[in-house]
There are 2 protein chains.
Amino acid sequence: MLDEIKAKLKEKGFRLTPQRQAIISLVINPGPKLTAAEIWGLLRPKHPDMSLDTVYRNLTLLTELGVLIPIAGAGKDGTRYEPVTHSRHHHHIVCLKCGEAACIDTCPINPQFLATVQNQGYQLLRHNLELFGLCARCKPEDRCYV
Amino acid sequence: MLDEIKAKLKEKGFRLTPQRQAIISLVINPGPKLTAAEIWGLLRPKHPDMSLDTVYRNLTLLTELGVLIPIAGAGKDGTRYEPVTHSRHHHHIVCLKCGEAACIDTCPINPQFLATVQNQGYQLLRHNLELFGLCARCKPEDRCYV
DNA sequence: AGTTTAAATAGGAATGTTCTTATTTGGGGG
DNA sequence: CCCCCAAATAAGAACATTCCTATTTAAACT
């Protein structure tokens, strides 16, 4: 996994700085999905001079490289990043009450539809589907968002 | 249109303040989709004391009422809001180069899929699909985001 | 018209994220 | 081994958005 990422970086002309390596090795772990601020906090002991912007910059890069998936709108504390663990393309559902994000392992978008859009002149690069609702634990709450 | 919105507000116990009325009558116009800051700027002559937070608060409310659709990630200057003109549920495609957002008038999501998610314990309230790519004008550019 | 009360507001502080700029550095080539 | 330069960085300013709190106000009910 890590070697794959290093190869991908080299191939595209990106460097492997100590900061970048630290961020990558933290973020490719399975386990809780982290925010930029959390990553920064965890790395501070070993990299006391690392700026928060560096974390953001690298998370964006890793997203563009297809290594991470950003999960926006989950919880009040910002975007969380999930490693792409060889798994196929998928999406997420976010609970509007507790902020918990869960994976949905199928993409419900008609592939034919994507082809139609391409035929209309667009070059599609990616898409993002977010489902919002209330999870089983929070469902009793009845605030209506529609 | 305006009367419909007023009725919906009254029905749900929301008030009709001068600021809210001004925001609504500006935002339901067809034409360029506006950002919160732009709306604030346009209303400042008549409402010099209106706070930007009021604009955001009302845009959020109108979104929850189904009057507006937020289009995030289009351009560098923040979320733009589009009035729901009686039209059916739809989505957008955003050009990653010029930021232009276009409407896609069909929802390519399998309704059966949504039912499956509900059966798994979630109460779905809304969903958001954003397509990202390069529009016909910007297509020659070949920066790869995947 | 006067009272009441929850909703809405202004103002400012706080938060998450991106941008700017000057400086440093990884890593390829002489 | 040293030079070079584009890539990456730190630091802090800037930006979009949300939160907090004290004050005002729409509108329902006398």
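Computation of the quantities below employed the complete heavy-atom set of this structure, encompassing side-chain atoms and omitting hydrogens, waters and symmetry-equivalent molecules. Numbers restart at 1 for each chain; the letters A, B, ... are given by sequence-line order, proteins then strands. A quick note: this is a predicted structure, and the numbers were derived from the prediction, not measured.
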[X] vs [Y] side-chain heavy atoms within contact, under 4.5 Å:
X        : Y        : value
A/Glu38  : A/Asp77  : yes
B/His91  : B/His127 : yes
A/Ile24  : A/Leu9   : yes
B/Phe113 : A/Leu131 : yes

Round to a whole Å and report the spacing from [atom1] of [X] to [atom2] of [N].
X       : N      : atom1 : atom2 : result
B/Gln21 : C/dT9  : CD    : P     : 12 Å
B/Leu65 : C/dA8  : CG    : C1'   : 15 Å
A/Leu59 : D/dA8  : CG    : C1'   : 15 Å
A/Lys12 : C/dG26 : NZ    : P     : 23 Å
B/Arg20 : C/dA8  : CZ    : P     : 4 Å
B/Met50 : D/dT25 : CE    : C1'   : 16 Å
A/Trp40 : D/dA10 : CH2   : C1'   : 11 Å
A/His47 : D/dA8  : NE2   : P     : 17 Å

Closer than 4.0 Å, any side-chain N/O of [X] to the OP1 or OP2 of [N]?
X       : N      : answer
B/Thr54 : C/dA10 : yes
B/Thr17 : C/dT9  : yes
B/Gln19 : C/dA10 : yes

Just the atom pairs and distances: protein N or O near nucleotides 17-21 of chain D's N or O, under 3.5 Å.
residue	atom	partner	partner atom	Å
D/dT17	OP1	B/Thr79	N	3.0
D/dT17	OP1	B/Thr79	OG1	2.8
D/dT17	OP2	B/Tyr56	OH	2.5
D/dT17	O5'	B/Tyr56	OH	3.3
D/dC19	N4	B/Asp53	OD1	2.7
D/dC19	N4	B/Asp53	OD2	3.0

Which residues satisfy the ring-ring contact (aromatic ring centres under 6.0 Å, His included) test with A/His92, sequence neighbours excluded?
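Checked A/His92 against ring-ring contact (aromatic ring centres under 6.0 Å, His included); matches are A/His90.
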
What residues form a salt bridge (charged side-chain N to carboxylate O under 4.0 Å, His left out) with A/Glu82, not counting sequence neighbours?
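Result, salt bridge (charged side-chain N to carboxylate O under 4.0 Å, His left out) vs A/Glu82: none returned.
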
Not counting sequence neighbours, which residues clear salt bridge (charged side-chain N to carboxylate O under 4.0 Å, His left out) with A/Arg57? List them please.
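Partners of A/Arg57 by the salt bridge (charged side-chain N to carboxylate O under 4.0 Å, His left out) criterion, ordered by chain and then number, come out as A/Asp53.
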
Check step by step if side-chain hydrogen bond (donor to acceptor under 3.5 Å, both in side chains) holds for B/Thr63 and B/Thr60.
CA-CA 5 Å; B/Thr63 300; B/Thr60 302; 6.0 Å; no

Residue B/Phe14, side-chain heavy atoms: nucleotide from D/dA28, D/dA10, C/dA7 that is nearest:
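In terms of side-chain proximity for B/Phe14, the closest of D/dA28, D/dA10, C/dA7 is C/dA7.
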
Report the residue (B/Lys10 or A/Asp49) whose heavy-atom-nearest nucleotide on DNA chain D is the more 5′ of the two.
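Result of the comparison: A/Asp49.
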
Identify all pairs in which a protein N or O lies below 3.5 Å from an N or O of nucleotides 3-5 of chain C, and state each distance.
none

Give every residue pair that meets the salt bridge (Lys or Arg N to Asp or Glu O under 4.0 Å) criterion with at least one member in residues 113-122 of chain A, sequence neighbours excluded.
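Found none.
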
